[in-house]
Amino acid sequence: MQCDFIFRLKGILEFACQLDNPNGAQSQSTISKSFQDLRSKVSSKNIVFTVCNSPVLIWPNTGFQSSVESLTEASACGDILQCIESDDGGSKKSSKKKDKKKSGPTVVNMKLLFEVTEPAGDEAPSLIRVSTPQHCVKMPLPLDCTLSVTPDESLAIVCTGLVEALNKQLADMERVVLWYRKGSSFLVPQPFHFQLPKPAGLITVIYPAGVPDSQLQAIREDLHRKFKLPCDRPYLRRANAFHFPDAAYKDGYLHNPHIHLNPPNTEDAKLYLVQGVYSYHHYMQDHVDDNGWGCAYRSLQTICSWFQQQGYVETAVPTHTQIQQALVDVGDKEPRFVGSRQWIGSIEVQAVLNQLLGVTSKIMFVSKGSELATKGRELANHFQTEGTPVMIGGGILAHTILGVAWSENTGQIRFLILDPHYTGGEDLQTITDKGWCGWKGPEFWDQNAYYNLCLPQRPKTI
């Protein structure tokens, strides 16, 4: 099956309207008229789509014109890649750069522009004097539309679909503006994209800026019903917004390095993996020298990042000091523990998750490492149902388990390990090539040491 293309079109339109009486009955129709004018604008012949990092300009509403002669109305949308400059100076299609494993669809970024109107004629200007008080409302509308297509879809279909998406987004923004306005005070409508289970796919939802997720639950409930989503986990909080494959994360951490790995060659095995997004936390990050003692802290930070990235919590990933203070607050440690270099284990990780995030966890105990080879069913069930990273501690080491490849018939198992003992920079190639994130066999564990596994549980919420 061919990989989908995502055409992403971004632009800013200015909303402006004059309100004689912001609280009057006519104000709603005035606002709607202003949005109708914007919809007429994006349906006009002056609208232009420009493909980023390329000379491609397209006039979608004029029977298809393009500044590149090789592109016609019937051209496949994949042909645009020949015109886009890649990071190494060549076209994306001919680029020699190789990723270890391609993840996600191909994204074509576009900008929304408008041709400058023709100069005015010789007509004399008209002056109108308005004697009643006027309230002028202006605000930017950040348009951000997507369209998912196959590479062989025609550019004519792409252009039509993007114009329709623009009009729909403006209609959705109008509803949000009207619903949340107070007189002449408006909230800026902001688009967010969410990747939902099939058949819904990639959708766009408009939320009002400044209104926290906690006050948008009724809207999310309606959307969960509309798209037949489970009502026990978040899909549509802002933190769940789709991360485009070509966009960099802004927090400085690597996210989901395991997606760049090839699956292990384990006969008759199925993959059971972490669900969602996490950031990789390891030794020596954040200007903290925890080499030799902070592995469990880093594994805990990775778990906390998962709950943050999935929208369950809005709190930042805790620091070592905050983790230690939480253990003091619950009575697990003495006050002098704060600022120390003392190790923590799975039981402490469980306590901190409950104290700081309100997350409960199950503890799995094995008396010796050789028993982990028999825990395939339990771990597979955890990743199927909860999908959270697992912290495992034994002896003097702690690791994060991100999944298992397990055969129900043969019992063979391999573990997907994220190793917090890494001390280098955020170099994906090194981390995957050197096995700091990689598949390990049962021999990876100390066969005679006991281990505790902390299995965090998802809260039941949307």
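Looking only at atom types and distance, the side chain of Thr302 has no donor-acceptor partner in the side chain of Thr400 under 3.5 Å away. If you check the side chains of His399 and Tyr451, you find no donor sitting under 3.5 Å from an acceptor. Side-chain atoms of Gln285 and Glu426 include a donor-acceptor pair closer than 3.5 Å. Checking Gln325 against Asp329 by side-chain atom types alone, a donor-acceptor pair falls below 3.5 Å. A side-chain N or O of His382 and one of Thr388 form a donor-acceptor pair less than 3.5 Å apart. Checked by atom type, the side-chain pair Thr204/His193 shows a donor-acceptor distance below 3.5 Å. Asn256 and His260 are not linked by any side-chain donor-acceptor pair at a separation below 3.5 angstrom, with hydrogens and angles left out of the test. Side-chain contact annotation: Arg458 with Thr385, donor-acceptor N/O pair under 3.5 Å absent. Thr423 and His421 share no side-chain donor-acceptor pair at under 3.5 Å. Tyr253 and Asp286 share a donor-acceptor pair across their side chains, judged by distance under 3.5 Å alone. Between the side chains of Ser367 and Glu371, at least one donor-acceptor pair of N or O atoms lies under 3.5 Å.
Annotation: cation-pi pair Lys41/Phe114 present, NZ/CZ under 6.0 Å from the ring centroid and within 45° of its normal.
A donor-acceptor pair under 3.5 Å is absent between the side-chain atoms of Ser54 and the main chain of Ile84, judged by distance alone. Judged purely by atom type and a 3.5 angstrom limit, Tyr422 uses its side chain to pair as donor or acceptor with the backbone of Gly425. Side chain of Asp290 to main chain of Trp293: no donor-acceptor pair is present (N/O by atom type, distance under 3.5 Å, no hydrogens or angles). Between the side chain of His320 and the backbone N or O of Gln324 there is no donor-acceptor pair closer than 3.5 Å.
Counting non-hydrogen atoms of other residues, nucleotides and ligands closer than 6.0 Å to CG of Asn265 gives a total of 12 or fewer. For Phe337, the CZ atom is densely surrounded, since the number of other residues' heavy atoms within 6.0 Å is greater than 12. A 6.0 Å sphere centred on NZ of Lys460 holds more than 12 heavy atoms belonging to other residues, nucleotides or ligands. A 6.0 Å sphere centred on CD1 of Ile396 holds no more than 12 heavy atoms belonging to other residues, nucleotides or ligands.
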**Derivation and outcome, ring-ring contact (aromatic ring centres under 6.0 Å, His included), residues Phe15 and Phe35** = CA-CA 7 Å; Phe15 169 84; Phe35 271 100; 4.8 Å; yes
Worksheet entry | Worked verdict on His281 versus Val317 for side chain to side chain contact (heavy atoms under 4.5 Å, CB included) | CA-CA 10 Å; His281 294 261; Val317 172; 4.1 Å; yes
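With sequence neighbours excluded, no residue forms a salt bridge (charged side-chain N to carboxylate O under 4.0 Å, His left out) with Arg341.
A salt bridge links Glu174 and Arg39; the closest N-O separation between the charged side-chain nitrogens and carboxylate oxygens is under 4.0 Å. With salt bridges taken as basic N to acidic carboxylate O contacts below 4.0 Å, one links Lys333 and Glu348. Using a 4.0 Å cut-off between charged side-chain N and carboxylate O, Lys226 and Asp222 make no salt bridge.
Using a 30° and 60° split on the angle between ring planes, Phe244 and Phe242 fall in the perpendicular class, above 60°.
Side-chain rings of Trp343 and Tyr297 stay apart, their centers remaining 6.0 Å or farther from each other.
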